[in-house]
Structure formats: C-alpha cells, structure tokens
K.L.:
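Dropping a structure here in structure tokens format, bear with me for questions.
Note that the coordinates shown come from a computational prediction; the quantities given were computed from them, not determined experimentally.
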Amino acid sequence: MLSQPFLQHALLAGTAIALLSGLVGYFVVLRGQVFAGDALSHVAYAGALAALAAGVDLRFGLFASTIAVGVVLGLLGGRGAADDVVIGTTFAWVLGLGVFFLALYTTHSSTGNGTANVNVLFGSIFGISSGSAVVAAVVAGVLIAALLVIARPLLFASLDPAVAAAAGVPVRLLGPLFLGIVGATAAEASQAVGALLLFGLLAAPAAAAQRLTDRPWRALVLAGALAVLAMWVGLGLAYAAPRLPPSFTIMACATAEYALAALVAVGRRRRERFRSRFVAALPVEG
C-alpha cells in the first residue's frame, strides 16, 4: 500500500494538515470558537469558487478569503473573541457568495464543470500531486510554528482573559491573530477533506482530547495525535475499500475518537462517584 505514489502524497499532506488541525482545533474548542471555525469552512468554499471564477489558483482564493475573514471576525468581536452575531451574519452572507461564484464559474467559464465544486466541498486528497503535497506540508509546518510561538500567552488569554490582560498579555491582538491562523488552517484542511467536512477535523479530535485529560499541554499534544491517527486510519480504510471516499473515512474515524473519549469520560465519572460513596460509607474510627 505504501508503495503507491498517490498514497505517499496523501500521507505527506494529510499528516501535516491533520497535525495542524488538531493543534489549532484544541484552542478553537478551548476558547469556545467552534462556530467561528464552522463559518470559516464556508468561507473557504466561497473563496475557492471565487478564485476559480476569476481564473486564478484555487489556493489563492482559499487562503486570502479565510485569513482575511478570520482576522475581521476577531477585530469585530471585541475583547479578542469573535461574536456569535457577527459570525452568524457572516455565515449567511458567505453561503450566498458561494452560490453566486459557483453559478458564475459554471456559466461563464469555458472549463466550468461540477467536478470542481465537488472537489472544493469534499476534497481530493488521493488526487493531490507531489508538488502540492510538499507545499501543503511546508505551509502546515509554518502555521504550526506560528501557533506554538503564541501558544503560552494564547492559553493564558483563553483560560482567564481578564487576568491575562492585567498581566500585560495582548489579548486584543491575540484574538484576530489566532482567528487568522484558524482561517489559514481551514484553507489547508479543505484541500484534504473539503470545505464541508474540515470543521470535523478541527473539532472532533480536540474535543476528544479535552474529554480525556484536563491538563492543557497534554491535551494539546493529544489533540494533534488523535487528528493524525484519524487521518492515517481513514486513508487506510479508503485504500482498502475504494468505494468509500477518503473524506468520509477520515471524518468517521475522528467522530469515533470523540465517541470513545466520551464513553471513557462517562466511565471515569461513574468510577469516581462510586469511589466517593464507598469512602463515605466506611466507618470512622473514633
């Protein structure tokens, strides 16, 4: 299986994208900005179709639109966090733009076809070229490095923004900067699993990690590891069963990770309640 060039390219790009998505997704879940991540996935769809309609590289539209909208969401939200009203308004507007650019592309472009729309929505990781895989890995590496640079103050600002601001942490600057990174991550991940499903790769492994541990740095590492595991297992399943789209298998694995983590968390709480009741029932020596 690993001797197939298309799978090698998919593993190279997919591993880098999954690691980035897991690390960024941890802070998305921690900061309660899951809705913002969902909105940026739709921005990726509209931006990609806008680039196709304009006749430029699809990746230019992906990154330009998602980074710009992410920064704007952070700036408009105030206190470094995106506001749900702003996100909801942007969400509705961007969906309309996506439909408009799709109609423009398929109507006025001589090469317009429905395949481009499907690839933007659901990704085409098995069709990624060697050069594109290397570029995706390099871009993901740069974004991971940027995230790690701001990880400590971002964690402080996420857990207690008021105390962080009093301690001199630039909370208002970190918010737009982080959402810009989330936007770039959305653009990256859409190349692997598509704009429609990238939200799952951002949220599910990170939410699973938070279920399994309450230690921030351990959860951050675990979120990245679970995202990579979902990518590897999903690609393997898609290769073994060619009728299954890789985007589906990757998302199925990520969802299964969250479900298993939730079951583990429930079992842990039950054991703790049983232990506390057992200790309370013990006779007290007088």
K.L.:
When Ile, Leu, Val, Met, Phe, Trp and Tyr are grouped by side-chain heavy atoms lying under 4.5 Å apart, directly or through other members, which residues fall in the same group as Leu229?
P.N.:
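Other cluster members: Val233, Leu237.
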
K.L.:
Nearest 0.5 Å, what's the CZ-CD distance between Arg218 and Gln210?
P.N.:
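The distance works out to 14.5 Å.
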
K.L.:
Is there a continuous path of hydrophobic side-chain contacts, each under 4.5 Å between heavy atoms, that joins Val135 to Val142?
P.N.:
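Different clusters: Val135 never reaches Val142 through Ile, Leu, Val, Met, Phe, Trp or Tyr contacts under 4.5 Å.
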
K.L.:
Under 4.5 Å between any side-chain heavy atoms of Phe156 and Val171, yes or no?
P.N.:
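When only atoms from C-beta onward are counted, Val171 and Phe156 do not touch, as no gap falls below 4.5 Å.
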
K.L.:
Could you state whether Val266 and Leu260 fall into the same hydrophobic cluster, counting links through intermediate Ile, Leu, Val, Met, Phe, Trp or Tyr residues with side-chain heavy atoms under 4.5 angstrom apart?
P.N.:
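In one cluster with Val266: Leu260, no.
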
K.L.:
Test of understanding: clusters of I, L, V, M, F, W, Y form through side-chain heavy atoms closer than 4.5 Å, transitively. Do Val228 and Val221 belong to the same one?
P.N.:
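In one cluster with Val228: Val221, no.
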
K.L.:
Please round to the nearest 0.5 Å and tell me the distance separating atom CD1 of Ile17 and atom CD1 of Ile125.
P.N.:
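That separation rounds to 6.0 Å.
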
K.L.:
Could you note down all residue pairs passing ring-ring contact (aromatic ring centres under 6.0 Å, His included) where residues 3-29 supplies at least one of them, sequence neighbours left out?
P.N.:
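Counting only pairs at least two positions apart or across chains, the ring-ring contact (aromatic ring centres under 6.0 Å, His included) contacts touching residues 3-29 are Phe6-Phe126.
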
K.L.:
Once you round to the nearest 0.5 Å, how far does CG of Leu75 lie from CG of Leu173?
P.N.:
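Atom-to-atom, Leu75:CG and Leu173:CG are 9.5 Å apart.
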
K.L.:
Report the distance from atom CG of Leu19 to atom CG of Leu143, rounding to the nearest 0.5 Å.
P.N.:
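It is 11.5 Å, given to the nearest 0.5 Å.
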
K.L.:
Membership question, hydrophobic clusters at under 4.5 Å side-chain separation (ILVMFWY): are Tyr239 and Leu12 in the same one?
P.N.:
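No, it is not one cluster - the side chains of Leu12 and Tyr239 are not joined through contacts under 4.5 Å.
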
K.L.:
Membership question, hydrophobic clusters at under 4.5 Å side-chain separation (ILVMFWY): are Val163 and Ile150 in the same one?
P.N.:
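Yes, one cluster joins them.
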
K.L.:
Please name the pair of heavy atoms, one in Leu62 and one in Ala48, separated by the smallest distance, quoted to 0.1 Å.
P.N.:
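Taking Leu62 first and Ala48 second, the nearest heavy atoms are CD2-CB, 3.8 Å.
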
K.L.:
For a quick test of reading the model, state the closest non-hydrogen atom pair linking Ala209 to Ala223 and the distance between them.
P.N.:
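Looking at all heavy atoms of both residues, the shortest contact is CB-N, 3.6 Å.
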
K.L.:
Name the one of Leu23, Val139, Val24, Thr185 that satisfies side chain to side chain contact (heavy atoms under 4.5 Å, CB included) with Ile144?
P.N.:
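Among Leu23, Val139, Val24, Thr185, the one that satisfies the side chain to side chain contact (heavy atoms under 4.5 Å, CB included) with Ile144 is Leu23.
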
K.L.:
Can you list the residues that meet the side-chain contact (heavy atoms from CB on, under 4.5 Å) rule with Ser132, with sequence neighbours excluded?
P.N.:
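Ser132 satisfies side-chain contact (heavy atoms from CB on, under 4.5 Å) with Arg59, Ile128, Ser129 only.
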
K.L.:
Of all heavy-atom pairs between Val71 and Gly180, which one has the smallest distance, and what is that distance?
P.N.:
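What the structure gives for the nearest pair is CG2-CA, 3.9 Å.
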
K.L.:
Which is it for Val29 and Val34 under the side-chain contact (heavy atoms from CB on, under 4.5 Å) test, yes or no, and what are the steps along the way?
P.N.:
CA-CA 6 Å; Val29 174; Val34 175; 4.3 Å; yes

K.L.:
Can you list the other members of the hydrophobic cluster that holds Leu222, where links are side-chain heavy atoms under 4.5 angstrom apart?
P.N.:
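Members other than Leu222 - counting any ILVMFWY side chain reachable under 4.5 Å - are Leu212, Leu226, Val264.
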
K.L.:
For Arg31 and Ser158, which I'm curious about, is there any donor-acceptor pair between the side chains at under 3.5 Å?
P.N.:
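Side chains of Arg31 and Ser158: pair found under 3.5 Å.
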
K.L.:
Grab the two heavy atoms, one from Ala16 and one from Ala137, that are nearest each other, plus how far apart they are.
P.N.:
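Closest pair (atom of Ala16, atom of Ala137, distance): CB-CA, 3.7 Å.
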
K.L.:
Can you tell me how far apart CG (Leu220) and CG (Leu155) are? Round to the nearest 0.5 Å.
P.N.:
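Result: 8.5 Å between the selected atoms.
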
K.L.:
Got a sec, which residues hit ring pair (Phe, Tyr, Trp, His ring centres under 6.0 Å) with Phe60, two or more places apart in sequence or on another chain?
P.N.:
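For Phe60 there are no ring pair (Phe, Tyr, Trp, His ring centres under 6.0 Å) partners, ignoring immediate neighbours.
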
K.L.:
Which heavy atom in Leu201 sits nearest to a heavy atom in Met231, and how many Å separate them?
P.N.:
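Scanning both residues completely, I find the closest heavy atoms to be CD2-CE, 4.2 Å.
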
K.L.:
When Ile, Leu, Val, Met, Phe, Trp and Tyr are grouped by side-chain heavy atoms lying under 4.5 Å apart, directly or through other members, which residues fall in the same group as Leu244?
P.N.:
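Members besides Leu244, by chain and number: Phe248.
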
K.L.:
Taking atom CG of Leu179 and atom OG1 of Thr66, what is their separation to the nearest 0.5 Å?
P.N.:
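Here the interatomic distance stands at 11.5 Å.
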
K.L.:
Ignoring hydrogens, what is the shortest heavy-atom contact between Ser65 and Gly47? Give both atom names and the distance.
P.N.:
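Ser65 and Gly47 have their closest heavy atoms at OG-CA, 3.4 Å.
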
